[in-house]
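What follows is a single structure, written as structure tokens, with notes after it.
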Protein chains: 2
Amino acid sequence: MINVLIMRKEQSSNAINEQFLFEVCELNSAISMISGRWKSQIVYSISQGNNRFHLLQKELPNISEAVLARQLKELETHAILVKQEIPNTTPIGVAYKLTNKGADLVPILEQLCDWGKAYAAGKAITSPTSPC
Amino acid sequence: MINVLIMRKEQSSNAINEQFLFEVCELNSAISMISGRWKSQIVYSISQGNNRFHLLQKELPNISEAVLARQLKELETHAILVKQEIPNTTPIGVAYKLTNKGADLVPILEQLCDWGKAYAAGKAITSPTSPC
DNA sequence: TTGATCACTAACAATTTTGTTAGTTATTGT
DNA sequence: ACAATAACTAACAAAATTGTTAGTGATCAA
């Protein structure tokens, strides 16, 4: 009886529809990997050399540590980045490194950025040249 | 007093952070435009000629009418598509058409699709060739 | 006249995502 | 002895997204 209830939750319409879309096309799983709050900005920041937890916090001053850790873990789960402990550091340092998968994503994000800029409603705060 | 409460809701941390990211880089607004459930699949389907409400329903059998209508309206709000009434049809037919902005998005979605396929964990259900 | 199609909308409920708070471990600097 | 830094985790609350239900109006076909 309890299992029935649990299965309900694991098989909510929401989850079923997500799965359906994943099976329709990899496009949908690709988008779900990058669409969390902060996620693409984290990937882009790491690609620019901000590969430490505290460097990312500096880049994204409004993010809380718990949220940053969670987003990083999800990116790791999707094999977009890996964690590497930096030896001989106290406290132990951790460097985040994009995988090949993550690195291949960056130029696509740059294109999305350009697309966004090309059709931005109003004032672009950043410069009109390509990189974010 | 009531306004104070409303302002609270309009300025939730969530909304503030979203706005912050929009100002950091257009990448973030671009991703927010395409990251709703069904959205990129709808854009892709329209680009393939499924430009009517009922054709999209056929393509996406699990979507409810209310949800489809909502996603279409959001895509319209972001100027990715426009609605066109088809004259001399009963009941009145509506065609969805990608704007230039929407059409420019399609090749980027195809690249995301390819990226997803290239690094898919396991079995690809669709063929390995490019279009979804 | 009953049912079907087309293209929706509004109100509400379920689910998921995001943010907050309060911890942890280990070390260095004052 | 005390605060600071680095890099987290768990539990919970707030907010946003997604899904459900029940409607709308106009027209045609049986």
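These numbers come from a predicted model, not from an experiment. Lettering of chains follows the sequences in order, A, B, ..., and the numbering in each one begins at 1.
- Between A:Arg37 and C:dG19 there is a side-chain N or O to OP1 or OP2 distance below 4.0 Å.
- Under the 3.5 Å distance criterion, with hydrogens and angles disregarded, no donor-acceptor pair is assigned to the side chains of A:Ser45 and A:Gln48.
- Residues B:Lys101 and B:Met33 meet the side-chain proximity criterion, which asks for heavy atoms closer than 4.5 Å.
- Rounded to whole Å, the distance from CD on A:Glu76 to C1' on D:dA7 is 13 Å.
- B:Arg52 has a side-chain polar atom (N or O) that falls below the 4.0 Å cut-off from OP1 or OP2 of C:dA7.
- Ranking C:dT18, C:dT9, C:dT20 by closeness to the B:Ala69 side chain, first place goes to C:dT9.
- The phosphate of D:dT17 (OP1 or OP2) has no side-chain N or O of A:Asn14 nearer than 4.0 angstrom.
- Each of A:Glu18 and A:Glu65 was assigned the nucleotide of DNA chain D with the nearest heavy atom; the assignment lying further toward the 5' end belongs to A:Glu65.
- Of the inter-residue distances, the one linking B:Ile31 atom CD1 with A:Gln41 atom CD reads 9.0 Å to the nearest 0.5 angstrom.
- Straight-line distance from the CZ atom of B:Arg70 to the P atom of C:dA13: 15 Å, rounded to whole Å.
- Under 4.0 angstrom from either OP1 or OP2 of C:dA7 there lies at least one side-chain N or O belonging to B:His54.
- B:Ile34 has its CD1 atom 15 Å from the P atom of D:dT17, to the nearest Å.
- To the nearest angstrom, P of D:dA7 lies 8 Å from CD of A:Gln57.
- Regarding contacts with the backbone of C:dT16, a side-chain N or O of A:Ser12 is found under 4.0 angstrom from either OP1 or OP2.
- In this structure, B:Glu85 places its CD atom 13 Å from P of D:dT27, rounding to the nearest Å.
- Across all strands shown, B:Val94 has heavy atoms under 4.0 Å from sugar-phosphate atoms exclusively, and none from any base.
- Residue B:Trp38 has no polar side-chain atom (N or O) positioned under 4.0 Å from OP1 or OP2 of D:dT17.
- Note: CG (B:Leu68) to P (D:dT17) measures 18 Å, nearest angstrom.
- Within 4.0 Å (heavy atoms only), A:Lys39 reaches no atom of the nucleic acid at all.
- Residue A:Ser13 places no side-chain N or O under 4.0 Å from the OP1 or OP2 atom of C:dT15.
- Taking atom CG on B:Leu56 and atom C1' on C:dC8, their separation rounds to 14 Å, with Å as the unit.
- Looking at heavy atoms from C-beta onward, B:Leu21 lies out of side-chain contact with B:Leu27 at the 4.5 angstrom threshold.
- To the nearest angstrom, C1' of D:dC8 lies 15 Å from CD of A:Glu74.
- Contact check, B:Lys73 against C:dC8: no side-chain N or O comes under 4.0 Å of OP1 or OP2.
- Judged by distance alone, the side chain of A:Ser40 and the main-chain N or O of A:Ile34 form no donor-acceptor pair under 3.5 Å.
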